[in-house]
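This report concerns only the one structure given below.
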Protein chains: 2
Amino acid sequence: MPPVTTGRADRVRVLPEPPGLPTPLPEPAVDALRLEAVMGALSDPLRLRIVRTLLLEREEFDHPCGWFALDRPKSSLTHHFRALRDAGVLRQRQYGLERRSEVRIADLEARFPGLVALVAAWTP
Amino acid sequence: MPPVTTGRADRVRVLPEPPGLPTPLPEPAVDALRLEAVMGALSDPLRLRIVRTLLLEREEFDHPCGWFALDRPKSSLTHHFRALRDAGVLRQRQYGLERRSEVRIADLEARFPGLVALVAAWTP
DNA sequence: TGCGCTGTACGAGAAAAGTCGAACCATGGT
DNA sequence: ACCATGGTTCGACTTTTCTCGTACAGCGCA
């Protein structure tokens, strides 16, 4: 299976599915996304790395926070994931006890075309 | 009698260069541009507005700082213009006593294609 | 019932960024 | 010579952000 290419928005998986994805945690609507907020969220190397990892290595859907090899305490990770979600970069769902994240590729592409590709091309 | 200024003060930099423009102030090289730094510089509404204005309303080359209608004290503007220059978003040249700025469009486009367009499309 | 797991909430200290006044400098005009 | 212009530097203050420890909560499982 090919690694994801970020230039295009493939299907939007936001539909309510009968087996049911958990409802996403509160997030800004597409037309409420603000460029300065997104930029601010992506102005941190750690968060940039989170998003990039999510873009390049998502095998299926989304990953729990511990998926990434981040050597920070959990409370720090919560902080950064929340910053990304507040800015509208990430969508998070509660799967039982773990919270998984995915990049809102379609939404970002709709409002800020090309931005996702920049993050995917980023090198630490 | 023409008021000949003393040649003791070697302000040679003020001379207009026939073929060229004044040398830009120190700035990061193209391949030293960092996405997180650029994002950080563009995560502020005021700076976003500066860059966007520069992109959309540049009539010729570049503009002095006071060109924009920013109701901030001068020291604040210096701060923000410097932040933009440090991140590599702006290039600044000293024209005699005034300092003019232009967006490093080509450089940004080379490293982060599409980013300039996002700023140009931004709405306050 | 208790343990291990994932992750949150709160709060405090540290670090970074923004804000702005005041002093200053060089230039050009009158 | 003086003043206005366009801008810098410095220092102080305020605000925001980062970092992380501690405490806690829900779920699954023996």
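Computed from heavy atoms alone, side chains included, the values below leave out hydrogens, waters and symmetry copies. So you know, we letter chains A, B, ... as the sequences are listed, proteins then strands, and number each from 1.
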Short side-chain N/O contact to [N] OP1/OP2 from [X], under 4.0 Å:
| X | N | value |
| --- | --- | --- |
| R47(B) | dG18(C) | yes |
| H80(A) | dT19(D) | yes |
| R72(B) | dT19(C) | yes |

Rounded to the Å, how far apart are [X] [atom1] and [N] [atom2]?
| X | N | atom1 | atom2 | answer |
| --- | --- | --- | --- | --- |
| R100(B) | dT8(D) | CZ | C1' | 18 Å |
| L46(A) | dT19(D) | CG | P | 7 Å |
| L77(A) | dG7(C) | CG | P | 9 Å |
| F81(A) | dG7(C) | CZ | P | 8 Å |
| L84(A) | dT17(D) | CG | C1' | 14 Å |
| R99(A) | dA9(C) | CZ | P | 7 Å |
| L42(B) | dG18(C) | CG | C1' | 16 Å |
| E36(B) | dT17(D) | CD | P | 18 Å |

Pairwise N/O distances under 3.5 Å, protein to nucleotides 10-15 of chain D:
none

Close side-chain approach of [X] and [Y], heavy atoms under 4.5 Å:
| X | Y | result |
| --- | --- | --- |
| L115(A) | V119(A) | yes |
| W122(A) | R34(B) | yes |
| L56(B) | R52(B) | yes |
| L42(B) | E36(A) | no |

## Note on the structure
Contacts of P73(A) and H79(B) projected onto DNA chain D by closest heavy atom; the upstream (5') one is H79(B)

### Query
Considering heavy-atom distances to DNA chain D, does R82(B) or S76(A) have its closest nucleotide positioned more toward the 5' end?
R82(B)

### Message
With rounding to the nearest 0.5 angstrom, report the CD1 to CZ distance, I50(A) to F81(A).
### Response
4.0 Å

### Task
Give, for atom CD of Q92(B) and atom CZ of R85(B), the distance between the pair rounded to the nearest 0.5 Å.
5.0 Å

#### Entry: Closest heavy-atom pair and its distance - A41(B), A87(B)
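For A41(B) and A87(B), the tightest heavy-atom pair comes out as CB-CB, 3.5 Å.
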
